[in-house]
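Just so you know, these numbers use all the heavy atoms, side chains as well, and skip hydrogens, waters and symmetry mates. The structure presented is a predicted model; accordingly, all values stated were derived computationally and were not measured.
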Amino acid sequence: MKKFLFALICIFSFIALKSQQTNIYIVRHAEKDLSDKTNTNPDLSSVGKNRAEKLALELKKIKFSAAYSTPYNRTQQTLKPITLQNSIEITSYEPRENKKLAEEILKRYQGKNVIIAGHSNTIPLLLEAFGSNAPFEISEDDYSNIFHVKINKGKTTLKSLKY
């Protein structure tokens, strides 16, 4: 009986520790429509829409509690399939206020999964706000990265994936 109780306590302790990990997934918006050079807020191109669907498929096993996007069409459209999958809304954030965003997410979504869409020039600053560094420079034609920031007991780790 003591062994059973000990095993049960160990299992619940492991579950409690695991649930304290906050997972932040940071992605760049998918390919934008460049047909109108004067449009400062373009939609996704057809290739970009396909990539957004592919991203949702890649992350379909993850239950997201929140989705954050800059206030641009391309970032919001990149997250749209994921928000539909998870029945959540997109919250806009100001790309110059990364530290404020990180503080809000860590306070409101501790132990949960959050996805953020940004831009090639804002992702390194986002990673920094969460206590990590960009492992490489994001080129202007690279849309295939997922940066998975894990925060557990004040320790931050980063995993970079391609999709």
Side-chain angles (χ1 to χ4, degrees), residues 19 21-151 156-163:
S19 68
Q21 178 173 294
T22 304
N23 295 288
I24 313 295
Y25 294 82
I26 301 173
V27 299
R28 181 180 179 202
H29 63 79
E31 291 88 342
K32 60 187 173 184
D33 180 358
L34 298 173
S35 62
D36 179 359
K37 302 293 184 200
T38 62
N39 186 353
T40 58
N41 190 15
D43 291 325
L44 292 180
S45 66
S46 59
V47 171
K49 290 174 185 173
N50 288 338
R51 183 178 298 278
E53 292 293 337
K54 184 177 178 183
L55 176 64
L57 191 60
E58 185 76 24
L59 300 175
K60 72 178 178 185
K61 292 183 181 178
I62 299 168
K63 175 65 179 151
F64 287 101
S65 297
Y68 285 82
S69 165
T70 61
Y72 297 98
N73 293 343
R74 59 193 176 271
T75 50
Q76 294 192 3
Q77 291 169 2
T78 299
L79 294 185
K80 191 66 176 170
I82 289 172
T83 63
L84 292 173
Q85 240 169 227
N86 288 272
S87 301
I88 57 176
E89 297 293 320
I90 296 173
T91 302
S92 289
Y93 73 92
E94 172 55 49
R96 292 177 190 89
E97 296 182 9
N98 295 308
K99 190 160 181 72
K100 181 180 173 185
L101 174 66
E103 289 170 357
E104 177 183 329
I105 288 172
L106 293 174
K107 182 179 178 183
R108 292 181 70 192
Y109 299 103
Q110 182 180 10
K112 303 209 187 273
N113 301 311
V114 175
I115 188 159
I116 305 171
H119 308 268
S120 60
N121 62 336
T122 65
I123 288 174
L125 301 172
L126 272 170
L127 290 169
E128 200 173 282
F130 285 105
S132 191
N133 292 314
F136 50 84
E137 189 173 318
I138 302 165
S139 69
E140 193 56 36
D141 62 345
D142 187 359
Y143 301 93
S144 63
N145 296 298
I146 301 172
F147 298 98
H148 180 188
V149 180
K150 300 175 189 178
I151 302 171
T156 302
T157 57
L158 174 66
K159 187 176 184 181
S160 177
L161 310 162
K162 292 278 191 186
Y163 75 100

Mind listing the side-chain donor-acceptor pairs of residues 121-130 below 3.5 Å, one per line with the distance, residues two or more places apart or on another chain?
unit_1 : atom_1 : unit_2 : atom_2 : d
T122   : OG1    : H119   : N      : 2.9
T122   : OG1    : H119   : O      : 3.2

For [X], all residues meeting side chain to side chain donor-acceptor pair (under 3.5 Å), sequence neighbours excluded:
{"X": "S35", "value": "D33"}
{"X": "T75", "value": "S69, T70"}
{"X": "S92", "value": "Q76"}

For [X], all residues meeting salt bridge (Lys or Arg N to Asp or Glu O under 4.0 Å), sequence neighbours excluded:
{"X": "E103", "result": "none"}
{"X": "D43", "result": "none"}
{"X": "K150", "result": "none"}
{"X": "E140", "result": "R28"}

Please answer whether the main-chain N or O of I138 pairs with a side-chain N or O of D142 as donor and acceptor at a distance below 3.5 Å. no
Any side-chain donor-acceptor pair under 3.5 Å between E104 and Y68? yes
Derivation and outcome, side-chain contact (heavy atoms from CB on, under 4.5 Å), residues I105 and I116: CA-CA 10 Å; I105 288 172; I116 305 171; 3.7 Å; yes
Where at least one partner belongs to residues 55-67, residue pairs that pass salt bridge (Lys or Arg N to Asp or Glu O under 4.0 Å), sequence neighbours excluded: none
How would you list all residue pairs meeting salt bridge (Lys or Arg N to Asp or Glu O under 4.0 Å) that involve residues 68-97, not counting sequence neighbours? E94-R96, E97-K100
Do [X] and [Y] have side-chain heavy atoms sitting under 4.5 Å apart?
{"X": "V114", "Y": "N23", "value": "no"}
{"X": "I24", "Y": "F147", "value": "no"}
{"X": "N113", "Y": "L59", "value": "no"}

So ring pair (Phe, Tyr, Trp, His ring centres under 6.0 Å) across residues 38-66, not counting sequence neighbours, yields Y25-F64
Atom CD1 of I82 and atom CD of E53: how far apart are they, to the nearest 0.5 Å? 9.5 Å
Applying side chain to side chain contact (heavy atoms under 4.5 Å, CB included) to K54 and not counting sequence neighbours gives Y163
Surrounding NZ of K162 (heavy atoms of other residues, nucleotides or ligands, distance under 6.0 Å), is the total greater than 12? yes
For N133 and L158, what are the C-alpha separation, side-chain angles and deciding distance, and is it a side-chain contact (heavy atoms from CB on, under 4.5 Å)? CA-CA 8 Å; N133 292 314; L158 174 66; over 6 Å; no
S144/R51 under side-chain contact (heavy atoms from CB on, under 4.5 Å): CA gap, chis, key distance, verdict: CA-CA 8 Å; S144 63; R51 183 178 298 278; 3.6 Å; yes
